[in-house]
K.L.:
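Before we start, here is the structure in question, set down as structure tokens.
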Amino acid sequence: MDPLRQQWICIIDFGSQYTQLIARRIREIGVYCEIHSAVAYDINESDCPPSAVILSGGPQSAGQQHSLSITASIFDLGVPVLGICYGMQRMVQQLGGVVQAAPLGEFGHVRMHLQNDHPLFAHIDAHKTEYTVWMSHGDHVITLPPGFTTIAASDDTPIAGIAHEHKPLYGLQFHPEVTHTEHGSDILRNFVLHIAGCHPHWQAAGIVEDMIKTLRTRLGEDRVLLALSGGVDSAVAGQLLHRAIGKQLHCVLVDNGLLRLHEADQVIAVFDGLGVVVQRVNAQEEFMTALHGVTDPEQKRTIIGHTFIEVFERTAQQLSNVRWLAQGTIYSDVIESATGVHNAAHTIKSHHNVGGLPERMSLKLVEPLRNLFKDEVRNIGRELGMPDELLDRHPFPGPGLGVRILGQVTAQTADILRQADDIFMRVLHEAGWLAQVSQAFAVFLPVNSVGVTGDHRRYAPVIALRAVVSEDFMTASAAPVPHDVLSAAARQIVNSLPGVSRVVYDITDKPPATIEWE
Ligand code: XMP
């Protein structure tokens with residue numbers, strides 16, 4: 001049996017922007033879960049049946065003819081099913097109830113009356129019946145399907161929580177996965193532990209030995225080529241593979257000209273310390289040529305991704321018996337890219353390391369961390385004895401500085417940005433702020449502005465500084481870095497880089513912005 005799926009929750013994704021949050025909450029409870037697309041997944045074909053199913057929300061209208069549906073047999077499997085928002089409406093619609101557009105949608109905080117002796121709301125507070133919850137819906141249930149009763153209601157939505165009298169079927173109009181819902185995690189915990197009967201034993205670090213064994217069996221005597229990016233994910237993937245197959249692993253670090261200052265040297269030194277030899281491939285010119293004249297962010301990502309693959313392919317051909325390409329893809333890359341399994345959600349940006357390999361490529365793909373979130377990857381790294389300074393590094397996007405130089409990328413702009421970024425990191429570090437933010441970096445803006453240095457006019461591009469605080473990088477707040485720290489960074493950047501006229505600080509949260517500028 002798949003070591004991950006001894007007990008697991010299957011989350012069926014109808015395209016909600018909150019689906020990943022459901023997965024995070026379930027794993028925080030200590031139970032393994034996976035997200036599968038409502039479009040492509042057939043639960044009857046799963047070789048490891050889930051312990052329970054959660055139907056996510058989604059942007060569609062359950063009452064409309066072509067809205068996404070779910071295999072009806074899911075409701076007869078005997079496994080508990082919890083529908084959230086659209087997921088509940090879909091369940092109602094398919095089981096014979098009625099869903100209609102609400103006269104006024106409900107968005108934001110709402111006071112909700114919960115039937116607190118119901119198993120879904122038990123173990124919270126026996127004396128409390130009113131909770132603040134997060135609503136986000138334009139439709140509502142007006143008639144229950146046969147066999148269901150109401151277990152939650154608000155002033156505007158009298159049917160806001162439902163349960164079947166005999167079958168383990170439940171629905172919530174509000175979003176327990178969102179932190180704005182009071183005791184939302186407790187409600188999910190009740191569903192997963194008390195109703196579905198799962199044990200809270202899942203821990204990423206606990207499956208390291210199983211992962212190593214599985215990798216060993218899968219890879220046999222084959223050699224594996226791993227691309228190290230300088231980030232945490234590929235480094236942890238590298239350590240796992242090194243433990244699994246030792247010298248059969250060949251690590252490559254492609255210097256694409258889009259890495260941070262001294263990054264290639266630092267990564268090679270760390271891996272050297274861990275007993276892993278890394279081959280450095282200088283491909284700066286190749287990347288710059290491929291990116292010449294390209295300004296569209298998605299096109300740049302695609303070009304960077306393809307050029308990476310070409311360089312790997314060439315490197316692999318020079319080695320004998322390489323059959324696999326390893327990548328440090330993690331779960332949020334898979335979900336946010338919304339390719340393949342998650343095509344019900346809108347693609348925000350395509351993370352270049354997801355989406356498979358070109359058909360002509362003769363290497364198979366191994367992605368040992370594909371089902372894990374960032375914090376779980378870090379825990380695995382700790383279990384493998386990797387140093388904190390590597391594991392606690394801020395995330396760095398696969399396309400590197402390529403998505404931090406707005407518009408066209410050149411070797412010269414990459415150099416300016418590298419220096420500015422390094423200054424910002426050093427100033428943050430000296431002020432004790434680097435460890436307080438989740439991610440910080442500089443961005444190159446290709447707009448000239450006028451400045452004055454001494455008696456000279458300067459007409460040069462702008463650098464934006466960005467520092468965010470985030471738990472999961474799905475949402476983030478601009479970090480309140482003190483004015484004197486920002487001002488020290490601005491002074492040093494403009495004084496030491498003649499190619500920069502001024503420095504600005506980005507104060508936009510995610511959403512509405514994303515963390516990276518492209
Ligand atoms: P956004 O910009 O989507 O970023 O808010 C969320 C997190 O993902 C990182 N990021 C990437 N990581 N390949 C990666 O490996 C990519 O193409 C990519 N784009 C963004 C970003 O740095 C942030 O931590």
Side-chain angles (χ1 to χ4, degrees), residues 17 19-21 24 226-238 253-254 256 258-260 263 267 287 291 296-309 326-339 342 345-356 365 367-370 372-378 391-406 409 417 421 424-425 434 437-444 464-479 506-518:
Q17 297 294 336
T19 304
Q20 191 176 162
L21 282 181
R24 287 217 53 83
L226 169 70
L228 290 174
S229 68
V232 176
D233 309 336
S234 61
V236 174
L253 189 133
V254 176
N256 56 6
L258 302 168
L259 298 175
R260 290 168 286 193
E263 182 147 38
V267 174
F287 277 83
L291 286 167
D296 177 72
E298 282 301 292
Q299 224 183 327
K300 286 199 285 183
R301 278 169 190 272
T302 311
I303 291 172
I304 294 170
H306 286 170
T307 313
F308 257 115
I309 299 280
Q327 287 191 336
T329 313
I330 67 168
Y331 209 28
S332 36
D333 300 334
V334 178
I335 297 167
E336 286 221 343
S337 291
T339 53
H342 299 291
H346 292 176
T347 299
I348 308 295
K349 51 181 86 166
S350 54
H351 287 196
H352 90 271
N353 41 355
V354 183
L365 190 61
E367 298 172 312
L369 308 173
R370 197 180 163 86
L372 302 174
F373 286 113
K374 189 71 135 200
D375 52 327
E376 296 172 330
V377 169
R378 288 202 168 103
L391 296 174
D392 293 335
R393 286 189 82 167
H394 291 172
F396 186 58
L401 302 185
V403 289
R404 294 181 179 172
I405 295 167
L406 303 200
V409 178
L417 179 58
D421 187 74
F424 186 36
M425 292 312 108
L434 196 59
V437 299
S438 314
Q439 193 168 5
F441 52 90
V443 182
F444 183 91
L465 304 180
R466 179 114 169 106
V468 295
V469 178
S470 173
E471 227 180 83
D472 50 21
F473 300 92
M474 293 292 296
T475 59
S477 319
D506 179 357
I507 53 166
T508 330
D509 295 338
K510 173 186 179 176
T514 53
I515 295 175
E516 302 290 345
W517 276 47
E518 283 193 340

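In each ligand, atom 1 is the first atom listed, and ligand 1 is the first ligand listed. All figures in this text were calculated on a predicted structure; none of them were measured in a lab.
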K.L.:
Are any of the N or O atoms of Glu518 closer than 3.5 Å to those of ligand 1?
P.N.:
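Min N/O separation from ligand 1 is not below 3.5 Å for Glu518.
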K.L.:
Against heavy atoms of Phe473, which atoms of ligand 1 measure under 4.0 Å?
P.N.:
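Matching atoms, with element in brackets: 6 (C), 24 (O).
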K.L.:
Of Gly400, Ala513, Gly398, which has the heavy atom at the shortest distance from atom 14 (C) of ligand 1?
P.N.:
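Among Gly400, Ala513, Gly398, the closest heavy atom to atom 14 (C) of ligand 1 belongs to Gly398.
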K.L.:
Under 4.0 Å from a heavy atom of Arg301: which atoms of ligand 1 are those, numbered in the order shown and with their elements?
P.N.:
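The list of qualifying atoms is 16 (C), 17 (O), 18 (C), 19 (N).
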K.L.:
Can you check whether Phe441 reaches Ile515 side chain to side chain, under 4.5 Å on heavy atoms?
P.N.:
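Yes, close enough: below the 4.5 Å cut-off.
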K.L.:
Compute the ring centroids of Phe287 and Phe308, then answer whether they are less than 6.0 Å apart.
P.N.:
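Between Phe287 and Phe308, the centre distance is under 6.0 Å.
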K.L.:
Suppose I only count heavy atoms of Thr514 and a 4.0 Å limit; which atoms of ligand 1 are within that range?
P.N.:
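Near Thr514, meaning under 4.0 Å from one of its heavy atoms, ligand 1 has 1 (P), 2 (O), 5 (O).
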K.L.:
Within 45° of the six-membered ring axis of Phe444 and under 6.0 Å from that ring's centre, is NZ or CZ of Arg404 located there?
P.N.:
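Cation-pi check for Arg404 and Phe444: fails.
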K.L.:
Apply salt bridge (charged side-chain N to carboxylate O under 4.0 Å, His left out) to residues Arg301 and Glu516 and explain how you reach the verdict.
P.N.:
CA-CA 13 Å; Arg301 278 169 190 272; Glu516 302 290 345; over 6 Å; no
K.L.:
Contact between Val468 and Gln439 at the side-chain level, heavy atoms closer than 4.5 Å - yes or no?
P.N.:
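The answer is yes; the side chains approach within 4.5 Å.
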K.L.:
Are side-chain heavy atoms of Val267 and Arg393 found at a separation under 4.5 Å?
P.N.:
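Sidechains of Arg393 and Val267: in contact.
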K.L.:
Number the atoms of ligand 1 from 1 as they appear, then name those within less than 4.0 Å of a heavy atom of Pro395, with their elements.
P.N.:
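Checking each atom against Pro395, I get 24 (O).
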K.L.:
Any atoms of ligand 1 less than 4.0 Å from a non-hydrogen atom of Pro399? List them with their elements.
P.N.:
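Going through ligand 1 atom by atom, the ones under 4.0 Å from Pro399 are 13 (N), 16 (C), 17 (O).
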K.L.:
Can you list the ligand 1 atoms lying under 4.0 Å from a non-hydrogen atom of Lys510?
P.N.:
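Here the atoms of ligand 1 in question are 1 (P), 3 (O), 5 (O), 6 (C).
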K.L.:
When only distance counts, is Glu516 in polar contact with ligand 1, meaning an N/O pair under 3.5 Å?
P.N.:
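Yes; at least one N/O pair falls below 3.5 Å.
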K.L.:
Is it the case that ligand 1 has an N or O less than 3.5 angstrom from some N or O of Ile515?
P.N.:
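Yes, Ile515 has an N/O under 3.5 Å of an N/O on ligand 1.
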K.L.:
Can you check whether Lys300 reaches Val403 side chain to side chain, under 4.5 Å on heavy atoms?
P.N.:
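In short, these two side chains do not touch, never coming nearer than 4.5 Å.
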